[in-house]
Participant: 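Let me begin by handing over the structure; questions about it come next.
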Amino acid sequence: QVQLVESGGGLVQAGGSLRLSCGASGHTFNIYTMGWFRQAPGKEREFVSAINWSGGDYIYYADSMKGRFTISRDNAKNMVYLQMNSLEPEDTAVYYCAGSRYVLTEYGSGANEKEYDYWGQGTQVTVSS
C-alpha cells in the first residue's frame, strides 16, 4: 500500500505564492506517475499537473496553470512538490496529491483521475482578493 500526505496549504493574497509538498511512503515502487488535482467548492475535481515518478521525464500542466505552477520531484526523499506563483482567487481549492501505476508518456497527460490508485487527504489553499 502507498500513503500520500500533502502539506503546505494555507491562506495567501492574490498574486502570492505557495509551495505544496507531498510525501510518499509504503510501497512507492508501485508508483510511476505522480499528479496534483484540485477541487473547488461546488465543482468537480480537476487536473493540475503530473510528472513521472520513474521511467521518464514527462511533465504536464492544465492549460490554466501553465507558466504559473511548477511540479517537481525528489525521489531520494520520496517527495513531490507544486510551486504555485501568481495565485488567483480562482485557485482556491483543496489540492490533492495522487499516485498512479500508469507510466506517463508522450501520449498521455496524466489528467485522468481514474488512472490514479493512491490519494492523499488534501490540503486547503485559499487565495484572497
Side-chain angles (χ1 to χ4, degrees):
Q1 202 44 280
V2 174
Q3 293 79 42
L4 302 175
V5 179
E6 305 95 335
S7 61
L11 174 64
V12 64
Q13 288 188 332
S17 299
L18 280 175
R19 187 196 194 203
L20 304 183
S21 300
C22 174
S25 61
H27 296 169
T28 58
F29 52 81
N30 286 334
I31 300 176
Y32 290 91
T33 295
M34 293 292 289
W36 285 96
F37 290 78
R38 71 184 186 184
Q39 186 167 21
K43 295 186 177 181
E44 294 187 352
R45 189 158 54 188
E46 65 173 344
F47 171 74
V48 174
S49 182
I51 187 171
N52 284 111
W53 181 250
S54 62
D57 292 307
Y58 291 100
I59 290 176
Y60 294 98
Y61 297 97
D63 287 343
S64 62
M65 289 75 167
K66 289 179 181 177
R68 299 191 301 126
F69 291 8
T70 303
I71 192 171
S72 61
R73 68 172 193 252
D74 185 335
N75 292 88
K77 296 181 179 179
N78 281 345
M79 297 291 292
V80 176
Y81 306 98
L82 185 68
Q83 177 67 43
M84 305 185 296
N85 298 328
S86 302
L87 285 164
E88 306 165 350
E90 294 73 24
D91 294 316
T92 295
V94 177
Y95 284 71
Y96 296 92
C97 172
S100 172
R101 289 176 288 180
Y102 284 87
V103 177
L104 198 60
T105 70
E106 61 193 276
Y107 302 111
S109 65
N112 186 353
E113 63 174 79
K114 295 181 180 179
E115 295 180 349
Y116 290 82
D117 307 284
Y118 312 106
W119 293 84
Q121 81 289 350
T123 185
Q124 176 70 47
V125 171
T126 303
V127 184
S128 63
S129 56

Participant: Between the side chain of Ser100 and the main-chain N/O of Glu115, is any donor-acceptor distance below 3.5 Å?
Facilitator: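 Confirmed, Ser100 side chain pairs with Glu115 backbone.
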
Participant: If Ile, Leu, Val, Met, Phe, Trp and Tyr residues are connected whenever their side-chain heavy atoms lie under 4.5 Å apart, and connections chain through other members, are Ile51 and Ile31 in the same group?
Facilitator: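 Yes, same cluster.
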
Participant: Sub-3.5 Å donor-acceptor pair from the side chain of Glu6 to the main-chain atoms of Gly122, do we have one?
Facilitator: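 Looks like yes, one N/O pair under 3.5 Å.
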
Participant: Quick check: do Val94 and Arg45 have side-chain heavy atoms less than 4.5 Å from each other?
Facilitator: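 A side-chain contact under 4.5 Å is absent here.
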
Participant: If hydrophobic clusters are built by linking Ile, Leu, Val, Met, Phe, Trp and Tyr wherever their side-chain heavy atoms come under 4.5 Å apart, do Leu4 and Leu104 end up in the same one?
Facilitator: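 No, Leu4 does not connect to Leu104 through the hydrophobic network.
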
Participant: Under the 3.5 angstrom rule, does the side chain of Arg73 hit a backbone N or O of Asn52 as a donor-acceptor pair?
Facilitator: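 Checking the backbone N and O of Asn52 against the side chain of Arg73, a donor-acceptor pair under 3.5 Å is found.
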
Participant: A side-chain contact here means heavy atoms from C-beta on lying under 4.5 Å apart; do Glu113 and Glu44 qualify?
Facilitator: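 When only atoms from C-beta onward are counted, Glu44 and Glu113 do not touch, as no gap falls below 4.5 Å.
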
Participant: Output all residues satisfying side-chain hydrogen bond (donor to acceptor under 3.5 Å, both in side chains) with Ser86, sequence neighbours left out; order by chain, then residue number.
Facilitator: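 Ser86 satisfies side-chain hydrogen bond (donor to acceptor under 3.5 Å, both in side chains) with no other residue.
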
Participant: How many angstroms lie between atom CG of Asn85 and atom OG1 of Thr70, to the nearest 0.5 angstrom?
Facilitator: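 One finds 6.5 Å between CG of Asn85 and OG1 of Thr70.
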
Participant: Indicate the atoms forming the closest heavy-atom contact of Ala50 with Ser109, along with that distance.
Facilitator: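 Answer, listing the atom of Ala50 first, then Ser109: CB-O, 3.7 Å.
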
Participant: Taking all non-hydrogen atoms of both residues into account, name the closest pair between Pro89 and Ala14 and its distance.
Facilitator: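 That would be CD-CB, 4.1 Å.
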
Participant: Considering only residues two or more places apart or on different chains, which pairs with a residue in residues 55-77 satisfy ring pair (Phe, Tyr, Trp, His ring centres under 6.0 Å)?
Facilitator: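 The answer is none; no pair qualifies.
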
Participant: Which pair of non-hydrogen atoms, one from Ser17 and one from Gln83, has the smallest distance, and what is that distance?
Facilitator: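 That would be CB-NE2, 3.9 Å.
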
Participant: With ring pair (Phe, Tyr, Trp, His ring centres under 6.0 Å) as the rule and sequence neighbours excluded, what pairs involving residues 7-43 come up?
Facilitator: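 Found His27-Phe29, Phe37-Phe47, Phe37-Tyr116, Phe37-Trp119.
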
Participant: Give me each pair satisfying disulfide bond (SG atoms under 2.5 Å apart) with a member in residues 32-82, each pair once, sequence neighbours excluded.
Facilitator: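 As it turns out, there is no disulfide bond (SG atoms under 2.5 Å apart) pair with a partner in residues 32-82 once direct neighbours are skipped.
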
Participant: What about Tyr96 and Val127, same hydrophobic cluster or not, with Ile/Leu/Val/Met/Phe/Trp/Tyr joined at side-chain heavy-atom distances under 4.5 Å?
Facilitator: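 No.
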
Participant: State, to 0.1 Å, how close Asp74 and Trp53 come at their nearest heavy-atom pair, and which atoms those are.
Facilitator: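 It is O-CH2, 4.4 Å.
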
Participant: Measure the spacing between CD of Gln124 and CD of Gln39 and express it to the nearest 0.5 Å.
Facilitator: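 It is 11.0 Å, given to the nearest 0.5 Å.
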
Participant: To the closest 0.5 Å, what do you measure between CZ (Arg38) and NZ (Lys43)?
Facilitator: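 Between Arg38 CZ and Lys43 NZ, I get 8.0 Å after rounding to 0.5 Å.
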
Participant: Is there a path from Leu82 to Ile59 through hydrophobic residues (I, L, V, M, F, W, Y) whose side chains come within less than 4.5 Å of each other?
Facilitator: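 Linked within one cluster.
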
Participant: Can you name the residues that form a side-chain hydrogen bond (donor to acceptor under 3.5 Å, both in side chains) with Glu88, not counting sequence neighbours?
Facilitator: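 Glu88 satisfies side-chain hydrogen bond (donor to acceptor under 3.5 Å, both in side chains) with no other residue.
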
Participant: When you look at CD of Gln13, are more than 12 heavy atoms from neighbouring residues, nucleotides or ligands closer to it than 6.0 Å?
Facilitator: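 Atom CD in Gln13 is not packed in, count stays at 12 or less.
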
Participant: Hey, does Met34 have a side-chain heavy atom less than 4.5 Å from the side chain of Cys22?
Facilitator: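 The answer is yes; the side chains approach within 4.5 Å.
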
Participant: Applying side-chain hydrogen bond (donor to acceptor under 3.5 Å, both in side chains), can you list everything that pairs with Asp63, at least two apart in sequence or on another chain?
Facilitator: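 Asp63 satisfies side-chain hydrogen bond (donor to acceptor under 3.5 Å, both in side chains) with Lys66 only.
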
Participant: Testing the basics here: between Asn30 and Arg101, what is the closest heavy-atom pair and its distance to 0.1 Å?
Facilitator: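 Closest pair (atom of Asn30, atom of Arg101, distance): O-CG, 2.9 Å.
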
Participant: If you take all heavy atoms of Met84 and Val125, which pair is closest and at what distance?
Facilitator: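 For Met84 and Val125, the tightest heavy-atom pair comes out as CE-CG2, 3.9 Å.
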
Participant: Can you hop from Val48 to Leu87 via hydrophobic side chains spaced under 4.5 Å?
Facilitator: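 Result: yes, single cluster for both.
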
